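Just follow the structure's listing: the first ligand is 1, and inside any ligand the first atom is 1. Only a predicted model underlies this, so the values are computations on that prediction, with no experimental measurement involved.
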Amino acid sequence: MIARFDLAPLDGITKRVFRRVWHARFGGADRCFIPFLSPTDQHILTPRDRREVENPEGLPQVPQIMAKRAEDFVWAAETLADMGYGEVNLNLGCPSGTVTAKGKGSGLLADPDRLDRFLDGVFSRAPVPVSVKTRLGYQQPEEFPRLLEIFNRYPIACLTIHPRVRPEKYRGQVHLDSFALAMAESKNPVCYNGDLVSVPGVRALESRFSNLGAAMIGRGAIADPALFRRLRGGPAATREELRTFTEELYQAYQDFYGQAAPASQRMKEVWFYLIHLFEGGERLGGRMRRSRGPRAYEELEAQIFQELALLDEPLGELV
Ligand SMILES: Cc1cc2nc3c(=O)[nH]c(=O)nc-3n(C[C@H](O)[C@H](O)[C@H](O)COP(=O)(O)O)c2cc1C
């Protein structure tokens with residue numbers, strides 16, 4: 001039985017403004033992961049990073065760090081520990097070419113010996129528990145047994161596994177057989193992440209892995225903002241709730257940016273997933289994606305709420 005549900009970090013989406021509004025309106029996640037900070041060797045927390053990790057609302061959050069040098073990771077972990085964080089997360093999953101070219105994110109998985117040295121540096125000096133978010137490998141799932149052996153040498157607070165390899169990004173079938181290996185052989189607690197978008201989907205995972213204690217959900221929780229609540233037996237989102245949520249979020253983005261154009265851009269990124277909760281949403285969703293400017297966005301959103309019926313579960317692939 002899955003006892004803990006985490007909100008995945010989605011850079012550009014689940015940033016501070018989103019987390020605050022979503023948590024107040026729906027929430028239900030035990031922890032919200034903050035999209036990665038990427039410290040440079042200057043060891044300076046930029047004003048943007050600081051804004052992201054400040055937490056006056058007291059949300060249950062775990063910040064994520066992406067680094068390739070242990071000393072940069074440890075510096076960021078110390079800074080975050082000083083701000084009151086009790087856990088930090090290491091990003092070993094990011095598939096972006098600009099990130100992996102620098103040997104960060106899933107780029108660290110390409111050289112297991114280097115990864116081992118990096119983890120040694122991190123775990124010998126980190127001031128707070130460190131959890132890890134990883135893929136199965138850099139190129140192919142066959143790399144995973146070796147990586148798991150390395151992970152097993154360190155006291156990882158939780159090993160969150162997205163069972164895909166880097167070229168697969170976030171599409172295609174997840175490799176559940178490799179995830180099963182982690183369930184059987186990980187010495188550290190394991191959390192599953194990938195493609196959970198509905199209550200039945202989560203229940204199916206639970207019946208396949210009865211010892212699984214934690215799951216992390218990203219896109220599914222944007223497509224259905226009440227998913228965590230429903231997983232705990234609560235009601236589905238109503239149309240009114242969703243309308244209030246999107247209005248409040250749009251307003252919060254406008255307050256944050258001081259203008260409507262970037263706020264509407266952010267909202268379109270949320271709607272990229274949320275539209276799947278509306279019956280026959282492809283047409284208006286596509287129009288919204290292609291639209292320009294806040295006025296067009298506002299009109300299309302009003303039309304979606306006016307014309308489309310709500311589904312029980314998000315429909316289609318959230319890619
Ligand atoms: C737009 C976008 C941004 C993401 N940003 C991050 C990030 O900052 N850190 C991270 O570890 N994973 C990031 N991910 C990966 C997600 O956390 C998650 O692993 C992935 O979406 C699969 O889970 P899901 O199917 O529940 O969404 C991102 C994914 C997407 C689609």
Side-chain angles (χ1 to χ4, degrees), residues 2 4-16 18-19 22 28-39 48-49 52-53 61-68 73 76 87-100 104-109 130-136 156 158-176 179 190-199 201-202 204-205 212 214-225 227-228 231 265-274 276-277 289 313-314 316-319:
I2 298 174
R4 196 187 76 222
F5 288 103
D6 294 332
L7 177 68
L10 298 176
D11 192 36
I13 300 178
T14 63
K15 302 274 277 191
R16 179 164 171 194
F18 181 94
R19 292 194 303 273
W22 176 80
D30 292 292
R31 292 113 52 91
C32 302
F33 280 68
I34 302 177
F36 66 85
L37 312 181
S38 189
R48 181 187 289 207
D49 286 345
E52 190 55 31
V53 293
Q61 301 194 128
V62 179
Q64 186 185 62
I65 303 167
M66 190 156 77
K68 70 166 177 183
F73 186 97
E87 176 181 330
V88 294
N89 183 258
L90 165 66
N91 181 322
L92 291 182
C94 184
S96 148
T98 48
V99 164
T100 56
K104 296 183 180 182
S106 64
L108 266 166
L109 304 177
V130 177
S131 55
V132 169
K133 184 163 177 284
T134 188
R135 288 177 178 263
L136 297 175
I156 295 173
C158 181
L159 181 67
T160 298
I161 301 170
H162 179 65
R164 289 192 171 100
V165 291
R166 184 207 163 216
E168 295 168 327
K169 297 196 169 152
Y170 303 110
R171 289 166 192 250
Q173 283 290 104
V174 286
H175 303 278
L176 286 184
F179 184 74
V190 168
C191 172
Y192 174 87
N193 165 248
D195 300 13
L196 297 175
V197 300
S198 68
V199 176
V202 173
L205 185 77
L212 181 62
M216 173 184 272
I217 304 180
R219 293 167 295 179
I222 317 296
D224 176 1
L227 181 56
F228 289 100
L231 284 166
Q265 192 49 41
R266 286 273 103 94
M267 290 304 296
K268 280 159 61 171
E269 287 157 13
V270 171
W271 272 104
F272 179 80
Y273 299 107
L274 185 57
H276 293 83
L277 199 57
R289 274 200 301 285
E313 309 280 359
E317 290 221 343
L318 305 181
V319 290

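- Y192 pairs by the ring-ring contact (aromatic ring centres under 6.0 Å, His included) definition with F179, not counting sequence neighbours.
- Stacking of R31 on the aromatic ring of F228 is not recorded, the 6.0 Å distance cut-off and the 45° axial limit not both being met.
- Taking the side chain as every heavy atom from C-beta outward, P39 and I65 approach each other to under 4.5 Å.
- Between I222 and the options Y273, F272, W271, W22, a side chain to side chain contact (heavy atoms under 4.5 Å, CB included) holds for only Y273.
- Of all non-hydrogen atoms in K68 and L108, the two that sit nearest each other are CA-CD1, 4.4 Å.
- In this structure, ligand 1 sits under 4.0 Å from heavy atoms belonging to A8, P9, L10, D11, P35, F36, Q64, N91, K133, H162, Y170, N193, G194, D195, I217, G218, R219, Y273.
- Remark: of the listed residues R164, H162, Q173, R164 is the sole one forming a side-chain hydrogen bond (donor to acceptor under 3.5 Å, both in side chains) with D195.
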